[in-house]
Amino acid sequence: MAVSNDEVAAALTELAELTSISGGDAFKARAYEKAARAVAGHQVEVRTLDAAQLRQIPGVGKAIADKIVEFCHSGTFPALEMQRTAIPAGLRQLIDIPTLGPKKALVLYQELGITSVDELVDAVQAGRLDELRGFGPKTAENIMHGVEILRHGAGRVHLDVALSAAEQIVEVIGAVPGCTRCAYAGSLRRFRETIGDVDVLAAADDPKPLMRALKAMPDVADVIASGPTKTSIRTTAGLQVDLRVVPPESWGAAMQYFTGSKAHNVGVRTIAVRAGLKLSEYGLFDAGTDELIASRTEEELYERLGLQWVPPPMREDRGEIAAAQEGTVPGLVTESDIRGDLHTHTDLTDGIASLPEMVQAAAERGYAYFAITDHAPNLYMQQMSTDKMLEQRQQVRELNRAYKRLRLLHGTELNIDPDGGVDWADDILAGFDVCVASVHSHFNQPADAMTRRLIKACENPYIHVIGHPSTRILGRRGPVAADWDAVFRAAARTGTAFEINASPNRLDLNDEHIIAARAAGVKFAVNTDAHAVPHLDNLRYGVGTAQRGWLTPDDVINTWPLRRLQAFLRDVSRG
DNA sequence: GCCGTTTTCGGCCCGACTGTTTTCAGTCG
């Protein structure tokens, strides 16, 4: 079985977590974590490397290289198995609860025998934590709140996890003889921010070989149900995948039906009914005679209903049906419209790849411009300094000469402090081509203070883009509280763009905020916030989110030609 | 467990906040 870098990284992360929960050497745990990050961000598939080559990866030494080799060969290694035996599986889940770390988890296990989130909730409710040293009422409250956040996302996975599973399955099923079409549908096709289960649709006259192929896939943990038209499996990663096979002539109707959303389909069906028609997953029919009117393509269905075709990310019953009736569905921004990334990191701060590696990757993507925006001094852990920044700027300028079609921009990701100030004085800020500014601390400010803070950042003439504006981490941290309408008005007034952070853990701004911001007149930047070369591919999730917010290329500054972008950056600098 | 022209041993991104304490451990970015 072909082990991916992500799977290797997951094993090392698990070892790191189990090591810290069991009270093992904290530096050892950190070494595993660091290696996991390096493997996840490595450009080459590590399964193709031998131990000597693996040791070339920063943070991977002899011991970890051997573990990786063993893992690629057998799917595990002795140190991991030993920790798994020592630490109950459910205990590891506890540290996914925000504010609960390895030390507290270990106390809960040793003192109260707690080995799962459910047991922890019971213990909190029974007041059993009160007797523990270091666990006061506020801790109990934070735990309960953290569990709520955790459970809110339970059973759902992030877009990247769902998409890679779906693409693998589509490739396998699509290659089965007799399969004429295969694609994923459902919330994944709509690019919702988290995915409950993956819907894969295939067209074939005989579904049996397709069902067999799915059940035979190596990642299948169990088959939940299997019939002539539908098979449901659960992957080893715990993700449910439904495969539905339809006759080729029903393809369009089935795609439309299974893409959803339910609310969108209800709206479309209502239009059908009013026209004396009925729409199902089998096609569009005359309600009186049951005569088939259309079913082969989605485009055909929408057209016969007097509608423009609606891009899947817009199918959320947020006015897209009326737009389709009026012929005003916007020409959405696509991945190929993006001419450059305006928020990326290198190993000068917390990135994995070096400046030349990141730039080379940007050139290979065919970008017209690319901004390097490493962290600024006030994020202390990154140990950035003015000297290091200036030295990097020099390197950027020199590197720029080597690339004819790629324009490098030297930028930074500033920290918006609680009062809305940022790291450097104006004369330093003026030296950057582009400044992203983000909130990295004091997430719990009251809404009025946070609103003032963000507005002040917008009003800073040197700040071009507000990075990951709500600061949420999916399944881990909610958005900050703010009067977003007031913030968006300020951004529109000052010409400050808002980021759509494409990391599948963030997707920030989200669709609803994008719609509100656009209505206020805000411009956007779809950025990856890449900390490694593979992260540049996350762009698609940001573009999908932008599409859910109905954005066109004109709304997104990093689709613009360099000159227009530079004019925008100059304008905002003038304030 | 990793790493190295101030080190092959002894360091290891550093500071702030929170909640618990009554001087600090744990968590986070």
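This structure is a prediction, so every number in the text was calculated from the model and none was measured. Proteins get letters first, then strands, A, B, ... in listed order; numbering begins at 1 in each. Because only heavy atoms are used, hydrogens play no part in the values below, and waters and symmetry mates are left out as well, while side chains stay in.
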Ring centres under 6.0 angstrom apart (A:Phe432, A:Trp424):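 Ring centroids of A:Phe432 and A:Trp424 are less than 6.0 Å from each other.
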Taking the ring of A:His442 and the ring of A:His440, is the distance between their centroids below 6.0 Å?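 Between A:His440 and A:His442, the centre distance exceeds or equals 6.0 Å.
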Spacing of the [atom1] atoms in [M] and [N] (rounded, Å):
N      : M      : atom1 : result
B:dT5  : B:dG1  : C1'   : 23 Å
B:dT20 : B:dC14 : C1'   : 22 Å
B:dC2  : B:dT6  : P     : 23 Å
B:dT7  : B:dC12 : P     : 16 Å
B:dT23 : B:dC28 : P     : 26 Å

Mind calculating the distance between [atom1] ([X]) and [atom2] ([N]) to the nearest angstrom?
X        : N      : atom1 : atom2 : answer
A:Met381 : B:dT27 : CE    : P     : 16 Å
A:Leu54  : B:dG1  : CG    : C1'   : 15 Å
A:Lys138 : B:dT21 : NZ    : P     : 15 Å
A:Ile68  : B:dG1  : CD1   : P     : 13 Å
A:Met384 : B:dG15 : CE    : P     : 17 Å
A:Asn415 : B:dG29 : CG    : P     : 13 Å
A:Leu12  : B:dG1  : CG    : P     : 12 Å
A:Leu108 : B:dA25 : CG    : P     : 19 Å

More than 12 non-hydrogen atoms from neighbouring residues, nucleotides or ligands closer than 6.0 Å to [atom1] on [X], yes or no?
X        : atom1 : answer
A:Asn444 : CG    : no
A:Met144 : CE    : yes
A:Lys388 : NZ    : yes

Counterpart base for B:dG15, defined by Watson-Crick or G-U wobble contacts under 3.5 Å: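 B:dC28 is the nucleotide pairing with B:dG15.
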Would you indicate which nucleotide in [options] comes nearest to any side-chain atom of [X]?
X        : options                : value
A:Pro102 : B:dT27, B:dC14, B:dG19 : B:dT27
A:Ala63  : B:dT27, B:dG1, B:dT20  : B:dG1
A:Lys104 : B:dG1, B:dT27, B:dG29  : B:dT27
A:Gln383 : B:dG29, B:dC14, B:dT20 : B:dC14
A:Ile64  : B:dG29, B:dT20, B:dC2  : B:dC2

Just by distance, do the side chain of A:Asn558 and the backbone of A:Gly340 share a donor-acceptor pair under 3.5 Å?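 Present.
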[X] side chain near [N] phosphate (N/O to OP1/OP2, under 4.0 Å):
X        : N      : value
A:Thr139 : B:dT20 : yes
A:Arg476 : B:dC28 : yes
A:Asn142 : B:dG19 : yes
A:His442 : B:dA16 : no

Under the criterion of centre distance below 5.5 Å and interplanar angle below 30°, is A:Phe27 classified as stacked on the base of B:dC2?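 A stacking contact does not exist, since A:Phe27 is not both close and nearly parallel to the base ring of B:dC2.
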Could you list the protein-to-nucleotides 4-6 of chain B atom pairs, N/O on both sides, closer than 3.5 Å?
none

Please determine if A:Arg128 and A:Glu119 form a salt bridge, counting it only when a charged side-chain N lies under 4.0 Å from a carboxylate O.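 Result for this pair is no, no salt bridge flagged.
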May I ask you to say whether A:Glu459 pairs ionically with A:Lys456, meaning some side-chain N is under 4.0 Å from a carboxylate O?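 Judged by the 4.0 Å cut-off on N to carboxylate O distance, A:Glu459 and A:Lys456 do not form a salt bridge.
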Relative to the 5' end of DNA chain B, which residue comes earlier, A:Asp350 or A:Lys34, by the nucleotide with the nearest heavy atom?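 The 5'-side residue here is A:Lys34.
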On DNA chain B, check which nucleotide each of A:Gly101 and A:Tyr380 is closest to and give me the residue with the more 5' one.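 It is A:Tyr380 whose nearest nucleotide is closer to the 5' end.
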If the plane angle is over 60° it's perpendicular, under 30° parallel, otherwise tilted; pick one for A:Phe77 and A:Phe71.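 Perpendicular, since the angle between the ring planes exceeds 60°.
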For A:Lys62, answer base if it contacts any base atom (sugar-phosphate contacts may also be present), sugar-phosphate if it contacts only those atoms, and nothing otherwise; contact means non-hydrogen atoms under 4.0 Å.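 The residue A:Lys62 makes sugar-phosphate contact but no base contact.
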